[in-house]
Chemist: 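First, the structure itself, so that you have it in front of you.
Given the structure is predicted, the values throughout are model-derived calculations rather than measurements. Computed over heavy atoms, backbone and side chain alike; hydrogens, waters and symmetry mates excluded. Residues: numbered from 1 along the sequence shown.
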Amino acid sequence: MNNADTTVRIDAHITLPLDDGTGLPMKQTIHAFPTNIPGLVVFPLILSPLDTDPDWWNVTHAASGKRLPTTFRSRAAAEAFANAVGPLADWEQPQPHVVDKGAFKALTAKHGGLTDAEYRTAAQSERTSTN
């Protein structure tokens, strides 16, 4: 794992959820943490241009700013997933292509990754239980 205080600046493609269930696509410059896999970074889930959720983490392809389609409950889980999917593509390419999608899905499950819909359900459940 890299130095915990080191960050890199990337332009992340994000979709902000709207109240009507749709999303607003946008690009936001963020400070992300490099992983042991060149080309992959992790950062807390972005809720809005000014707010993140430090309890949930994403893995993003640094060059394109595109998030891998899964969310993790911790930075450690996101970093472990990045390390695991490292061999599945050349992440230093501008647009990497994962050939073995089955292996990607299996590694997502193995590391506790959630789809966006699963994250929304889990996050809503956590908010409800803390109120």
Side-chain angles (χ1 to χ4, degrees):
M1 208 178 314
N2 291 311
N3 182 331
D5 297 327
T6 302
T7 60
V8 293
R9 234 175 104 143
I10 66 164
D11 290 326
H13 292 268
I14 60 173
T15 302
L16 297 177
L18 301 176
D19 291 339
D20 66 359
T22 63
L24 175 66
M26 64 182 292
K27 190 184 285 189
Q28 180 171 338
T29 300
I30 62 167
H31 294 275
F33 299 95
T35 67
N36 291 329
I37 302 301
L40 293 180
V41 297
V42 297
F43 59 90
L45 179 69
I46 297 172
L47 300 174
S48 75
L50 301 174
D51 193 18
T52 61
D53 184 339
D55 295 327
W56 295 88
W57 287 74
N58 289 133
V59 179
T60 293
H61 175 245
S64 69
K66 294 180 180 174
R67 177 179 75 90
L68 278 61
T70 189
T71 300
F72 298 90
R73 293 183 186 270
S74 69
R75 178 178 172 179
E79 289 174 337
F81 174 74
N83 290 334
V85 298
L88 297 181
D90 182 352
W91 299 105
E92 294 183 281
Q93 293 296 314
Q95 296 293 328
H97 180 67
V98 174
V99 176
D100 190 346
K101 305 244 189 279
F104 185 90
K105 287 181 181 180
L107 290 168
T108 297
K110 178 179 179 180
H111 293 279
L114 302 177
T115 65
D116 291 342
E118 291 168 333
Y119 158 75
R120 284 190 294 276
T121 300
Q124 180 63 35
S125 175
E126 286 179 5
R127 283 191 292 275
T128 303
S129 67
T130 58
N131 290 334

Chemist: From L40 CG over to L68 CG, what is the distance, rounded to the nearest 0.5 angstrom?
Modeler: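 The distance works out to 6.0 Å.
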
Chemist: Which heavy atom in P44 sits nearest to a heavy atom in P54, and how many Å separate them?
Modeler: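 Answer, listing the atom of P44 first, then P54: CB-CA, 4.1 Å.
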
Chemist: For the atom pair CZ (R73) and NE2 (H111), what is the distance rounded to the nearest 0.5 Å?
Modeler: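 Separation between the atoms: 16.0 Å.
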
Chemist: Supply the atom-to-atom distance K105 NZ to T115 OG1, rounded to the nearest 0.5 angstrom.
Modeler: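 Separation between the atoms: 11.0 Å.
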
Chemist: Treat each ILVMFWY residue as a node, draw an edge where side-chain heavy atoms are under 4.5 Å apart, and state whether M26 and I10 are in one component.
Modeler: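 Cluster IDs for M26 and I10 match.
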
Chemist: Just by distance, do the side chain of T108 and the backbone of G113 share a donor-acceptor pair under 3.5 Å?
Modeler: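 No.
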
Chemist: Hydrophobic cluster membership, with links at side-chain heavy-atom distances under 4.5 Å among I/L/V/M/F/W/Y: are W56 and V59 in one?
Modeler: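 W56 and V59: separate clusters.
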
Chemist: Quick one: does any side-chain atom of H61 pair with a main-chain N or O of Q93 as donor and acceptor, under 3.5 Å?
Modeler: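 Yes, because the side chain of H61 sits within donor-acceptor range (under 3.5 Å) of the backbone of Q93.
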
Chemist: Let's go through W57 and F81 carefully: what are the C-alpha distance in whole Å and the side-chain angles of both, what is the deciding distance for side-chain contact (heavy atoms from CB on, under 4.5 Å) to 0.1 Å, and is it a yes or a no?
Modeler: CA-CA 11 Å; W57 287 74; F81 174 74; over 6 Å; no

Chemist: Which value, rounded to the nearest 0.5 Å, describes the distance between Y119 atom OH and T71 atom OG1?
Modeler: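 The OG1 atom of T71 is 7.5 Å from OH of Y119, to the nearest 0.5 Å.
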
Chemist: Is there a donor-acceptor contact under 3.5 Å from the side chain of H13 to the main chain of P25?
Modeler: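 A pair under 3.5 Å: no.
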
Chemist: At their closest point, which heavy atom of A62 faces which heavy atom of V41, and how far apart are they?
Modeler: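 Between these two residues, the closest heavy atoms are CB-CG1, 4.1 Å.
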
Chemist: When you look at CG of D20, are more than 12 heavy atoms from neighbouring residues, nucleotides or ligands closer to it than 6.0 Å?
Modeler: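 Enclosed: over 12 neighbouring heavy atoms sit under 6.0 Å from CG of D20.
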
Chemist: Does R67 form a side-chain contact (heavy atoms from CB on, under 4.5 Å) with I46? I'd like the steps, not just the answer.
Modeler: CA-CA 11 Å; R67 177 179 75 90; I46 297 172; over 6 Å; no

Chemist: Any sub-3.5 Å donor-acceptor pair from T70's side-chain atoms to L114's backbone N or O?
Modeler: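 Flag set: sc T70 to bb L114 pair under 3.5 Å.
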
Chemist: Between the side chain of W91 and the main-chain N/O of V85, is any donor-acceptor distance below 3.5 Å?
Modeler: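 Yes, W91 side chain to V85 backbone: donor-acceptor pair under 3.5 Å.
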
Chemist: Honestly curious: do F33 and L45 fall in one hydrophobic cluster under the side-chain, below-4.5 Å linking rule?
Modeler: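 No.
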
Chemist: Dump the intermediate steps for side-chain contact (heavy atoms from CB on, under 4.5 Å) on D116 and T15, then the final yes or no.
Modeler: CA-CA 11 Å; D116 291 342; T15 302; over 6 Å; no

Chemist: Evaluate the criterion side-chain contact (heavy atoms from CB on, under 4.5 Å) for residue pair V42 and F72; output intermediate values, then yes/no.
Modeler: CA-CA 10 Å; V42 297; F72 298 90; over 6 Å; no

Chemist: How close do P96 and D90 get, heavy atom to heavy atom, and via which atoms?
Modeler: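 For P96 versus D90, the nearest heavy atoms are CB-O, 3.4 Å.
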
Chemist: Is there a donor-acceptor pair closer than 3.5 Å between any side-chain N or O of E92 and the backbone N or O of P38?
Modeler: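 No: the side chain of E92 does not pair with the backbone of P38.
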
Chemist: What are the two closest heavy atoms between P34 and V8, and how far apart are they?
Modeler: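 The pair with the smallest heavy-atom distance is CG-CG1, 4.0 Å.
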
Chemist: Tell me, do L107 and L88 make a side-chain contact under 4.5 Å, heavy atoms counted?
Modeler: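 Yes, side chains in contact.
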
Chemist: Determine whether the side chains of N58 and T60 contain a donor N or O and an acceptor N or O closer than 3.5 Å.
Modeler: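 Result is no, nothing qualifies.
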
Chemist: Are H97 and V99 close enough that some pair of their side-chain heavy atoms sits under 4.5 Å apart?
Modeler: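 Side-chain contact under 4.5 Å: yes.
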
